[in-house]
Structures are given as structure tokens and as C-alpha cells.
Protein chains: 2
Amino acid sequence: MFEKDRGKAGGVMQTGGGNRAPRQPLRQPSIKDIARLARVSHPTVSRALQNSPLVNAQTAAKIRKIADEAGYRASAVARGLVTRRTRTIGLVVTTVDDPFAGEVTCGIEQAANDHGYAVFLASSSADPERERKVVQALAERRVDGIIVTSSRVGALYLPLLEELNVPIVLVNDQYPGEFVHSVMIENVEGARAAVEHLIGLGHRRIAYVGDRLGYQSDAERLAGYKDALKRGGIEFRAALVKEGNGRPEAAIEAVDELLALPAPPTAICCYNDMTALGALRAIRARGLRVPEDVSVTGFDDLFFAAYLQPPLTTVRQPMRRMGQLAMENLLKLMSGEDSVAQSRVEAELIVRASTGRAKTGSEESRHG
Amino acid sequence: MFEKDRGKAGGVMQTGGGNRAPRQPLRQPSIKDIARLARVSHPTVSRALQNSPLVNAQTAAKIRKIADEAGYRASAVARGLVTRRTRTIGLVVTTVDDPFAGEVTCGIEQAANDHGYAVFLASSSADPERERKVVQALAERRVDGIIVTSSRVGALYLPLLEELNVPIVLVNDQYPGEFVHSVMIENVEGARAAVEHLIGLGHRRIAYVGDRLGYQSDAERLAGYKDALKRGGIEFRAALVKEGNGRPEAAIEAVDELLALPAPPTAICCYNDMTALGALRAIRARGLRVPEDVSVTGFDDLFFAAYLQPPLTTVRQPMRRMGQLAMENLLKLMSGEDSVAQSRVEAELIVRASTGRAKTGSEESRHG
DNA sequence: CTCCCCATTGCACACGTTTGCTTAAGCCAC
DNA sequence: GTGGCTTAAGCAAACGTGTGCAATGGGGAG
């Protein structure tokens, strides 16, 4: 009836047939086809499928049955055209293979799906040119909202995004804008807790390995670090702050420099777990032990943190939850609610075995 | 400017006072608006924007300039309605936060983007009910093609997918179907290489920790394991095969049972790196050392493998490349090419420090 | 019996593109 | 001049859905 049975007939048409239609997706049954079968008008079908009270219950049931048998699936694209809402959001992420992004994405996707939204995944790879194209594409696709996670170039293209007049939610970043809201973690408190933990263990020379790419979260964690030092009556020393790029390789170099200092740190607070991964390696490469010689803390509590040797002391971010929260906030924004507050979630220090008591003065002298 | 005198009246343009409209996304300029401004008909605008030779060069330039100034962005949804192609694909993944899936996704997204395709991310979470809904959603959204990675339930819902008459590419799985093609890694050869490496180190009691969820890749790797044993003249013993679920927690349990055997293995070949993560922990929990007491191999070469202590010997999958390949194959399928072969990529054994020589007989007696 | 109301359904149009076909010039050759 | 060709532009229809409004019919109240 809908010319549904083609192709299959040939059976073994593999290469011989040759005359296969050029993958012109064969027409799906439309609302009008169903209307014809049910002997009603197509608006009636439309209403019946939306459970509109305007159509007689029996008629509706009959129509639904017919639609079901015909394998009818409403076209979201046609619907989107007339309703001007696509029930689609865009998720912009710098890179998909970052475990943090993965977890957040997971939470977003789940929440979106639960509410009937589909999500376009777009990665910018931190390439400005690509970023522009990605945003352009999302605009053309008429997404109802956008979530951007860990934008490292926020200020650069967020104005562009805002120009689309589409609600935006940022994860782990913020930006002053009319439609723009954020979900953030207590970076300052989290980092402070980690450093205070180290101070409590007797450490005095504590280093911080950050991220040179200018994430806002890095600035905040550094602030937390400084704050803890101040409270602990320890002088801040710029020489103990190095920058990586959020990946293990860069951290190795940074930590290596730290350990080469005349008075090397006895503890290292890392911007995130990936950085800590590199730190651990750099420390071992020098023949030092964790935590006996140097203590290390991370941030995120990625899945592998508990499985490292030694298991990593870190600050947990409820990443899934943050994604979910971002989506929920976006839903509110999209429904016109304008009062969505900035959401901040709590950071939780997870103490494992990569942190230990600082060496006593005498032992410490080994460094000269 | 583009008020188009319909109901909306009042022209709630731009930053109008405080009375923000209920997030009814304010109308984007349409092709007709541009036509009016350029004093031409809208089909002419359409053609001009597509660089059609049918329109005068000067007129086209003028139109493009006007469109640009007006911030015009073509509506992909309207275009999709008439062309019946959305330039959109669906990516179905069991879970987004799996690092393997993340890497593959990365490659897919990149390739898709390069060709002007957008990708809908959908996770099934291995929940059949959800799976059905996800597929339904993709169908309604009229995606041009679908990629499914590591389907654990292939046979269950692939027929459903195929019924959509949309080209499908599977990653790390295969299924006999007309529109269905695959990208796979040489699982058998990869696992065999790992086990032969172990045999070469003198190991004789080698265990395999698999995945009870029934992935095809697991079956193949197990086959490679058996194959290597046979070639090495070592008898296969079912007691040395245990099943995890591809996550560290389950592997701990499995490996613990292996180590409790009267004659425990001296080497463990793991289904993937996540499994290896658990294996390492279980081994240490018993006070044994890697690789001195037990050697361990993984599969995937996820980013953390090189950073473990000891660095993990594993079989590398070119995950990004596989994603890219999947997308390229899908593109061919979508353009009607029917000759896309099954793609198989090579696995590469990466020897690191988690594998070492088997203990000699005398040392080995510690267990007995 | 008349009037009005309610329940149900159909009509017509709109959403923003693309595209086949027609039309309007302009030009050249005969 | 007439006819045909080329170039440029417009007309109209289509894609598949949603929705305001009109039309139809039946039933109850007066």
C-alpha cells in the first residue's frame, strides 16, 4: 500500500540487481495515508494521535489501531516546522573523549530522553573555526536550547550563541547573559578541603598544578588553594604553582619541575584527576613514593581514581547529577521560566591512600 | 523588521522592555523576509543561497549580502521536510560514560561534522524498554542513518532498526542484514597476540576474564585465547575462564576466585582495560605483585593504561579511527553505494610492564 | 415544534524550504 | 518581422503536521 514491499522481493539481489533505488528513503506512511485508511480527514488523525478530547473515543481508538498496524511514525521534522519547537537540544563539549565530559553527557542525555528531548552532540575541539561552524549548525537545526560544558573559550563565542536567542545552560562555567544560566560545583570549597586535608597531615610545602587553558574552574580551585594556605598560616609561594593542560602528559612536565626545586613540595594538589595521573607518574619516575615521599590529590573522582595504586585522594564531583541538573534547568528556561537560579552543587573530599603524613623535619632533609 | 503581521502583533522585537514573551523563540528571518528586502521572489533567494547557476551573479551576490546582514540561517527542518533527507544520523551506544564508547563517538562526531552531518546521541542503558523508545525516537526524527556501537543486544532490536529501512553500521558487532554493515577489530588475532606474548614469557597457567553480557567481541577474544593455547600446546581448562561485566568491580570478584584456585594462574588475559583495572586491584589485595607474581594484559589501550602502576600491557584498538571508518562507511551507504565491505582494523599489542617472566617451578610452589 | 448547545468532524491555511514548469525579456539568424 | 534559443526570474505545488474556525447533527429545554 505504501509501496512498502520493495527490495525484499529480489531476495539475493546483492550485486546483480543493479537497479536498486539510490537510497531514496522510501516514503513512510503519513497522516494522510492513515486518514484514507480510516476514512476520516487527516486533522482528525492528528488529533486522535495526540489524544485530543475533541475526537470521539471510539474513532480515536480505531485510528490508533490502524496507525499502529501501518507502522506509522509521526515526522518530528514536519511537526517541528509548524510548532516551531523541535524538542531537541544541542550539547557542546570541547572534546567527547574526556571522561568528565562523558559523565556529564550521560546525565544530560538521560534527563533529556526522559522528557522526550533528543540531543545533538557537537564538539568544538577548541578550534575556533570549528566552533563557529558548530554553533551555526545548531542554529540551523533550530534547537530549543543549548548546554555547553567546560567552555574554555566562553567569552569568545557565547555572545554568538546568545545571539541565537536560545536558552543556554553552562556547566562549570559562567557568563553574564540574559538567557545564560549555569551549573557549577563548589570549586573553591572543594580545593580548600583538599588542601586543608594536606595541611592537617602536616604538610607545609604544598604545590598546585593547574590548567593553562583558562578554565574558570581552574581559577576557582586555585583560589581555594590559596585560601586554605592563608587559613593555615602558610605563605603562598608562586614557585609552587605550575600549569598543565588537564591531561597527564603536561602534568608530568610540570610536576617534574616542582620536584627539581631546591625545596620541593611534599604534597601536590592537582587541578583534576587526569593531572594527578601524570603527577603520580612523574613522582615515581624520580624514584619517590606516594604517599610516603609526596602526597597527591586530584579533583573529579573519575572512575579510575579508586583503582590507581595507591588509590587517589580526590574531590568528587557529582558529574551525572550535574548533567541532569543542567538539563532540568534548561527545561525550565525553555518553558519560559525565567527565575532559574545558578545551581551550585557540593564538592566532597574523598580520602584514599595517595595522601599521608608529611615527613618529619629530619627525614625531610634528604633533599639537601 | 520581519514582523510579518500575523497574530504575534505588538512586535515584541529584540530587547523590548521587561515583558519578555513566554520563550516563544522569536521568529528567525525566513527566506521570504530576505526576498522582500531584496525585492525578488523567495525561490530566487533559495537558489541564490545554494549558488545555483540559475540566478544572475550580481543578484545572487546582493541577496547573499542582505541575507548575511539580516542574520539569516536556513531552517534545516523545513529543508528536511521537502528534501526528505535530514543530514542527521543517530548514534546508539549502551552507555555514554564508557571510555571506549567515548573515543569511538569522538571519531564519529568528527567525521560526521566534516561532512555536514549532525549526530543524535542516544543511549540505551541496556534497558530494553528504553531501547525501543530510543529507536522510535530516531525513526520519528527521520535520521538518514544509524550507527550502533557495541550492541549487547544486537539480535534483539536490530530487526526493529532494519525495519526503518535506514542504513546501519555496527561497531564491534555484526549482524546479517541487508542494510547492515560493520566495523570490527581483529579480536581473535589481538587476543591471540596477547596470550602468545604471555606464553613466550614462560606462562602456562593463563586465565581469561571475559564479559558475561554476551558481546560478540568477547566471544572472539576468547577464541583467540583458546587458539593461542592450542598453538602453544597448552591444554584449555574451563576453570581458568571467568566472566566479569566489563567493569572493574565485577572483575575483582572473578579474579579473586581465580587466585583462590589450588593451582592459580600466573597470568591473566582480560577482556578489556576496565576489567584489567579490577584485576590489578584484586591481585594486590592478596598481597601479590604485578608482574612478579601475576602478569596481566588488557584490551583497548584506554588513555589510563599507560599511567597505571605498573603500566598495562594491552592490545590497542584504534578507537577514533574505527569511529571515523564507521561514519565513512555510513556515508557511502547513505549515498546508495551498496558495495561497502565489512571493515576490519588491526589490533596492536602494546607491551608494557604489567607482564613479566613466569616464575620458575620452585618459586611457584609458594602456592602449594 | 423551535431554539440552542454540545459533541464531533472537516476545511483551509500555515510553517519555511525546494523544484518543475512557465513566463518575460533579450538576442541572433533567417 | 518571425521564430527559436538563452538567461533570469516568478508561480505554484509539494513535503507532513497542527489548529482556528465553520459545519453538521443530535438532544434537551422551553
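Just so it is clear, the values below take in all heavy atoms, side chains as well, and ignore hydrogens, waters and symmetry mates.
Protein atom CZ of A:R142 is 6 Å distant from nucleotide atom P of C:dT17, rounded to whole Å. Straight-line distance from the CG atom of B:L81 to the P atom of C:dA14: 16 Å, rounded to whole Å. Atom CG of B:L49 and atom P of C:dT19 are 13 Å apart (whole Å). We find that CZ of B:R141 is positioned 14 Å from P of D:dT17, with the value rounded to whole Å. Rounded to an integer number of Å, the gap from NZ of A:K32 to P of C:dG10 is 14 Å. Per the geometry, CD belonging to B:Q28 stands 15 Å off P belonging to C:dC15, to the nearest Å. Atom OH in B:Y72 sits roughly 10 Å away from atom P in C:dG16 (whole-Å rounding). In this structure, B:R79 places its CZ atom 16 Å from C1' of D:dA14, rounding to the nearest Å.
A donor-acceptor contact closer than 3.5 angstrom is absent between the side chains of A:S182 and A:Q174. Using a 3.5 Å distance cut-off with no hydrogens or angles, the side chains of B:S343 and B:N329 do pair a donor with an acceptor.
Contact of the B:V77 side chain with the A:R141 side chain is not registered, since no non-hydrogen atoms from C-beta on lie closer than 4.5 Å.
In this structure, B:Q324 contributes its side chain and B:Q110 its backbone to no donor-acceptor pair below 3.5 Å.
Bending across the helix from C:dC1-D:dG30 to C:dC30-D:dG1, expressed as the angle between its end axes from five pairs apiece, amounts to 70° (10° rounding).
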Starting from the C-alpha separation in whole Å, work towards a yes-or-no answer on side-chain contact (heavy atoms from CB on, under 4.5 Å) for A:D144 and A:V166.
CA-CA 6 Å; A:D144 293 337; A:V166 146; over 6 Å; no
Under the criterion side-chain contact (heavy atoms from CB on, under 4.5 Å), I'd like the reasoning laid out for B:L331 against B:Y117: C-alpha separation, chi angles, the key distance, then a yes or no.
CA-CA 10 Å; B:L331 283 167; B:Y117 277 75; 3.6 Å; yes
Take A:V171 and A:I147 through the side-chain contact (heavy atoms from CB on, under 4.5 Å) test and state the conclusion after the steps.
CA-CA 7 Å; A:V171 176; A:I147 297 181; 4.0 Å; yes
May I have the step-by-step check of side-chain contact (heavy atoms from CB on, under 4.5 Å) for A:V92 and A:T149, ending in yes or no?
CA-CA 6 Å; A:V92 182; A:T149 85; over 6 Å; no
Could you give me the CA-CA distance, side-chain angles and deciding distance for A:R130 and B:D114, then say whether salt bridge (Lys or Arg N to Asp or Glu O under 4.0 Å) is met?
CA-CA 9 Å; A:R130 193 179 181 111; B:D114 288 348; 3.7 Å; yes
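Minimum interatomic distance between A:V96 and B:G102 (heavy atoms only, all atoms of both residues): CG1-O, 4.0 Å.
Salt bridge annotation for B:E69-B:K65: present, with a cationic side-chain nitrogen under 4.0 angstrom from a carboxylate oxygen.
Side-chain N/O atoms of A:R27 include none lying less than 4.0 angstrom from OP1 or OP2 on D:dC15. Residue B:R84 places none of its side-chain N or O atoms closer than 4.0 Å to OP1 or OP2 of D:dC15.
For DNA chain D, the residues of residues 38-48 of chain A within the heavy-atom distance limit of 4.0 Å (strictly under) are A:H42, A:P43, A:S46, A:R47, sorted by number. For DNA chain C, the residues of residues 50-68 of chain B within the heavy-atom distance limit of 4.0 Å (strictly under) are B:Q50, sorted by number.
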